[in-house]
Amino acid sequence: IGRQRFGIQSQGEWNTARGEQNALLRPYSFFDNEVFHEWGDSTDVYFNRLGLFFRTDDSADVNAQDLRRAATARGIRWSSLFQPGANSRLGAYVQFRELTLTDAEASDRDRQSITSRLQYRQFFWRKSIQSTSFYESGISSEPLRSFSYIRVPDGTGLYTWVDYNDNGVQELNEFELAQLPGQGNYVRVFVPGRNFQQAGRTLLTQNLGFTPRLLLKNNAARPFWSRWAVQWNYSLENLNILDGTSNPLDPFYVPANDSLKVALRKSNRVTLFFNRTQLAFGGDYSFLDQRNEQLQTYGPERSEIQTHRLTLRFQLAEQFNLSPVAEIGFKELSTPGFLQRNYRLDLQEFRLQMSWQISMSINLSAVSSWKRSVNTLESGEQLEAFSQRLNAQYSLGGQSNLNAGVDIRANDFTGSAFSPVGFEMLQGLLPGNNYLWNVYWEKQFFDFLQFNLRYDGRSSPGTEVIHTASMQVKALF
């Protein structure tokens, strides 16, 4: 039989400013009308809504009280939900809008945009395959991104300043992400530009998982295949300056001119699990490919990370765990505006992690690692590093935790350590033997008061020992 509903929806807002203290505020108002039609079936398998809308926006200049028409929008929007059973669900939303700006130039007065959102979830083959897809498109105003760095108390920031050319002047290409505790003493603040440009945005994500044991429920091969699982995660976000009157809907769209690119963020990860939930023995292999492109005020910046990682887990005894990790890949940064920051590092790393649960309250762990990094660009920096870390944790019934650790890092480095590439490869340390240590104490007082005390120290060749301490008290109400 179905269900039908027709209606009218209106909403508006009026804002005024009076008095000298509000002289800089601008009066503003809008009025939005929609005529809609909703229909669906009596079992809630599907539902649809179709609407026609008309909106007006009025504003006034600074120190003026008279409102005048700023923009007019009209269009159509449709939303739908389809759920035929427990194994699938589809939701969709699409809006087409025509916008007329009163004060814009004739060539930029009329704009068209399509905003859409699509989400689809599906289970296949006794739910052994789980798939979730998401797509979104829209339009936004994007400024050219500019940043400034502000000094904050030592250890509370995310960036550090390295005066590479030794001129005492803080330059934009001399700020690096802090690699060590207590090293960060600057924060990066986004400064919006004065010129905004319309940009089309698309977002596409896909998650796909396969669990064979759910498919082979009564199969003789189930004991073997039940140990395996596969997970794939993909994400692509694309922003481009509009080159026409409407925004592109293709998530893989590449503009004809590179100057129209605003940002591109891509991530692709595939993981193969073996004995994923078992403690005695298990492992996983993962492939990761991440790419980022961002248009800055000084030009485009592109980075890419690609790795292959193999992780194994062994429980040699009830209280003793062993986990070797092997990883190869590369890391690349390309900044045409600052050529000295460019690098392409070929990476090789092996880590051996050991954990010993002595008792319910005491845990000891050790991590030994070897790493080789080579810059394949013309400067040719090379690093071979070995590190050994020991850590102890003491817990008192969840009310108090004490952590202490010591780390020795031996860096055999070829090249200029006092450079952006050297800082990245050495992770903020220096060639030779570096020593780091830390103590962290956390205490819960009553049910609402948390007290944290942290101390970090490090020593590098040819430099003074650096001590950093911090204290934090947090009250929860």
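Scope of the values below: all heavy atoms of this structure, side chains included, with no hydrogens, waters or symmetry mates.
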What is the minimum heavy-atom distance between [X] and [Y], and which atoms define it?
X	Y	value
Met425	Leu383	O-CD2, 3.1 Å
Thr202	Pro248	CG2-O, 3.7 Å
Gln340	Val421	O-CG2, 4.1 Å
Phe413	Ala417	CE2-N, 3.6 Å
Asp407	Ser387	OD1-CB, 4.1 Å
Gly415	Glu381	CA-CG, 4.1 Å

Six-ring centre of [Y], [X] cation under 6.0 angstrom, axis tolerance 45°:
X	Y	answer
Arg344	Phe330	yes
Arg77	Phe96	no
Arg74	Phe54	no

I'd like to know if [X] and [Y] make a salt bridge, using a cut-off of under 4.0 Å between side-chain N and carboxylate O.
X	Y	result
Arg309	Glu349	no
Arg341	Glu176	yes
Glu384	Lys371	no
Arg55	Glu34	no

Would you say that [X] contacts [Y] through its side chain, given a criterion of any heavy-atom pair below 4.5 Å between the two side chains?
X	Y	answer
Asn48	Trp78	yes
Thr160	Phe423	yes
Leu249	Ile114	yes
Arg389	Val406	no
Phe350	Ser369	no
Asn363	Ser365	yes

Pair [X], [Y]: side-chain N/O donor-acceptor within cut-off below 3.5 Å:
X	Y	answer
Gln83	Arg89	yes
Asn233	Asn207	yes
Ser460	Asn434	yes
Gln206	Ser131	yes
Asn403	Asn401	no

Given Ile76 and Leu50, is the side-chain contact (heavy atoms from CB on, under 4.5 Å) satisfied, shown in steps?
CA-CA 8 Å; Ile76 183 172; Leu50 181 66; 3.8 Å; yes

Which value, rounded to the nearest 0.5 Å, describes the distance between [X] atom [atom1] and [Y] atom [atom2]?
X	Y	atom1	atom2	result
Gln122	Leu208	CD	CG	11.5 Å
Arg97	Ser113	CZ	OG	4.0 Å
Ser235	Arg269	OG	CZ	12.0 Å
Glu237	Asn292	CD	CG	9.5 Å
Leu453	Ser470	CG	OG	7.5 Å
Leu390	Ile408	CG	CD1	7.5 Å

Parallel, tilted or perpendicular: ring planes of Trp14 versus Phe31, cut at 30 and 60 degrees:
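Judged by the thresholds at 30° and 60°, the geometry between Trp14 and Phe31 is tilted.
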
Tyr159: partners by ring-ring contact (aromatic ring centres under 6.0 Å, His included), with sequence neighbours left out
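For Tyr159 the ring-ring contact (aromatic ring centres under 6.0 Å, His included) partners, ignoring immediate neighbours, are Tyr149.
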
Within the side chain of Asn342, is there an N or O that forms a donor-acceptor pair under 3.5 Å with the backbone of Thr335?
yes

For a salt bridge (charged side-chain N to carboxylate O under 4.0 Å, His left out) check, start with the C-alpha distance between Glu442 and Arg454, then their side-chain angles and the critical distance, and finish with the verdict.
CA-CA 9 Å; Glu442 180 183 30; Arg454 183 183 180 94; over 6 Å; no

Using side-chain contact (heavy atoms from CB on, under 4.5 Å), reason through Phe273 and Gln231 one step at a time and then give a plain yes or no.
CA-CA 8 Å; Phe273 300 95; Gln231 184 71 37; 4.0 Å; yes

I'd like to know whether Tyr440 forms a side-chain contact (heavy atoms from CB on, under 4.5 Å) with Asn452, so could you lay out the CA-CA distance, the side-chain angles of the two residues, the decisive distance to 0.1 Å, and finally the verdict.
CA-CA 7 Å; Tyr440 177 73; Asn452 300 325; 3.5 Å; yes

I'd like to know whether Asn268 forms a side-chain contact (heavy atoms from CB on, under 4.5 Å) with Leu288, so could you lay out the CA-CA distance, the side-chain angles of the two residues, the decisive distance to 0.1 Å, and finally the verdict.
CA-CA 6 Å; Asn268 186 21; Leu288 173 65; over 6 Å; no

Check each of Gln130, Lys127, Arg121 against Asn87 using the side-chain contact (heavy atoms from CB on, under 4.5 Å) test, and report the only one that passes.
Lys127

Verify the neighbour count for atom CD of Glu464: are there more than 12 heavy atoms of other residues, nucleotides or ligands below 6.0 Å?
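No, the 6.0 Å shell around CD holds no more than 12 heavy atoms from other groups.
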
Taking atom CH2 as the centre, does Trp370 end up with more than 12 heavy-atom neighbours from other residues, nucleotides or ligands that are less than 6.0 angstrom away?
yes

Aromatic contact between Tyr455 and Trp441, with the criterion being ring centroids under 6.0 Å apart: yes or no?
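Not under 6.0 Å, so no.
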
Starting from the C-alpha separation in whole Å, work towards a yes-or-no answer on ring-ring contact (aromatic ring centres under 6.0 Å, His included) for Trp228 and Phe274.
CA-CA 5 Å; Trp228 300 89; Phe274 179 75; 4.7 Å; yes

Output, in order, the C-alpha distance, side-chain angles, deciding distance and verdict of salt bridge (charged side-chain N to carboxylate O under 4.0 Å, His left out) for Glu293 and Lys266.
CA-CA 9 Å; Glu293 298 180 13; Lys266 179 181 178 181; over 6 Å; no

Under the salt bridge (charged side-chain N to carboxylate O under 4.0 Å, His left out) criterion, do Arg458 and Asp456 qualify, and how do the steps go?
CA-CA 7 Å; Arg458 71 175 184 270; Asp456 292 276; over 6 Å; no

